[in-house]
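All values below come from the heavy atoms of this structure, side chains included, with hydrogens, waters and symmetry mates left out. Numbers restart at 1 for each chain; the letters A, B, ... are given by sequence-line order, proteins then strands. Values in this document were obtained by computation on a predicted structure and should not be read as measured data.
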Amino acid sequence: MLLNVVPVLVYAERRVSALIQDRLGPNRVGPAGLFQPLADAVKFIFKEDIIPGHVDRVLYVLAPVLAFLPPALAFAVIPFGHPVLLFGEKVDLALAPANGGVLFILAVGSMGVYGIAFGGWASNNKWSLLGALRSSAQMISYEIPLTLAFVAVLMTAGTLNFAEIVQRQSDTWLGFIPAWNIFQQPLAFLIFLVAAFAETNRLPFDLPECEPELIGGYHTEYSSMKFALFFMGEYLAMVTMSSLLVTLFLGGWSCPGIDPRSLTLLSGLASVAAFSAKVGAILFVYIWVRWTLPRFRYDQLMNLGWKVLVPLALLNIVATGFLGMP
Amino acid sequence: MTDLLFLLASAVCLVSALAVVTRKNPIYSALSLVSFFGGLAVLFLLLRAPFVAAMQLIVYAGAILVLFLFVIMLLSLKEEELGKEKGGRFKLFAAGLAVVLALLVILPVLGSETARDDFGPESALAPRFGSAEHVGMGLFGNFALAFESTSILILAAMMGAVVIAKKRV
């Protein structure tokens, strides 16, 4: 299911970018170019798989897999709908509803850097190595504000369980304002959003790839399905990050009008639809930002991370602590 | 099932720990260390310590080792710069020392009574044992003093590193 999102996302990216740049975008394959991702996939599979002679073979082959696995694994603990009664049994709509889901996501998420780092190093190429180094520094730097923003949300939620975090957001205030964490933790939301862009190596923070300077960064030497794995890993990371953002700040599957206690299949499907719509909206923001903002310089990126986001996130935690005191 | 997982994780740990010291290329050593941490995390999970397992991955595999990698990649050692292997006498000495140290760990464990027993039924453990709440209560409750002194120690080390790294402060 998660993998199916990737072609849709690639298609959306190309169409939206065309819209923003006042072009047509892919429109020849199928109605409105809808089958373009299929054509892309076929192309990827039939391309010759080249392993350049100067690479470190073991790591070169291992790296795309390492880049692809963490975001796919991390998605497992995110609840994408409220529990439903299926054939008389209560089913959680999450692949692996874990009690310490938050810890799991942080642990798996921190593994994401290895794919890129090894890929760049194994390619044995200056640009790839530079891309890999940039990405490791960037991902480590932005993991800190990301986690700190996380902590503030966990303090308001008082639990490490994603299902409970969402459950707490499914109420409303005054009957119509949804009790989403974004209203309680606006600063944390902002920090998380910026850090999420950096973690997924998206513009304006795509320094690890940065075509004009690095040709393509860590995946310069990759071709065929190995390149496609990097590519899909990147898009999967986007999807997982967006789902995380929605779960933490935008109420996850909750939506005014959906009763989480009802347990019927219809209501469950509605909650899944609400979750998907929110994730889709965040993904659109991702694409939108990519095609409208210029790239940062590397020192600006590091300054923003360490001198702005980290202190802000720490202040936010202190403030949350004081405000939350009984 | 648990036994199988234990054997598997231990095997991963042993093999990768050996690989860390035997690989000639430091990148592979680092990679082996990552898989070692992964196996260790599984062992922690089997010991009903999920929080420690997560920390193992987040802190060691996720942060510290990436810094290691960073340094290794920047140095980018060539074959000849790695230097010649130390002679056989040195290796023999190291192996002997490793065996003695291992015996020092294994013998007391084999000798003690509790080691042979199981951990006992799950009910013997505190409820929510090893969870984030449990660890947090311990860290900020019973062991607050030790915890805070450790953090001051680390802060001092950090400042020391900055002073050494900077020529003029």
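For the pair A/S110 and B/I58, the tightest heavy-atom approach, listed with the atom from each and the gap, is OG-CA, 3.9 Å. B/L57 and A/A107 make their closest contact through CB-CB, 3.8 Å (heavy atoms, listed as atom of the first residue, atom of the second, distance). Contact between B/G62 and A/M111 at its shortest, heavy atoms only, is N-CE, 3.8 Å.
A/F118 contributes atom CZ, which lies 6.0 Å from atom CD1 of B/I27 (distance to the nearest 0.5 angstrom).
Contact of B/V34 with chain A is made through the side chain alone, with heavy-atom distances under 4.5 Å. Contact of A/L133 with chain B is made through backbone and side chain together, with heavy-atom distances under 4.5 Å.
Partners of A/F249 according to the ring-ring contact (aromatic ring centres under 6.0 Å, His included) rule, which considers only residues two or more places apart in sequence or in another chain, are A/F189, A/F192.
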Give the C-alpha distance, both sets of side-chain angles, the deciding distance and a yes or no for side-chain contact (heavy atoms from CB on, under 4.5 Å) between A/L103 and B/M55.
CA-CA 8 Å; A/L103 289 175; B/M55 284 305 127; 4.0 Å; yes
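Heavy-atom neighbours of B/F70 CZ from other residues, nucleotides or ligands within 6.0 Å: above the threshold of 12. Summarising the local packing, OH of B/Y28 is surrounded by more than 12 heavy atoms from other residues, nucleotides or ligands at distances under 6.0 Å.
With a 4.5 Å cut-off on side-chain heavy atoms, B/L31 and A/Y114 do not count as touching.
Interface check for chain B: of the options A/V108, A/L106, A/T147, the most heavy-atom pairs under 4.5 Å are formed by A/L106.
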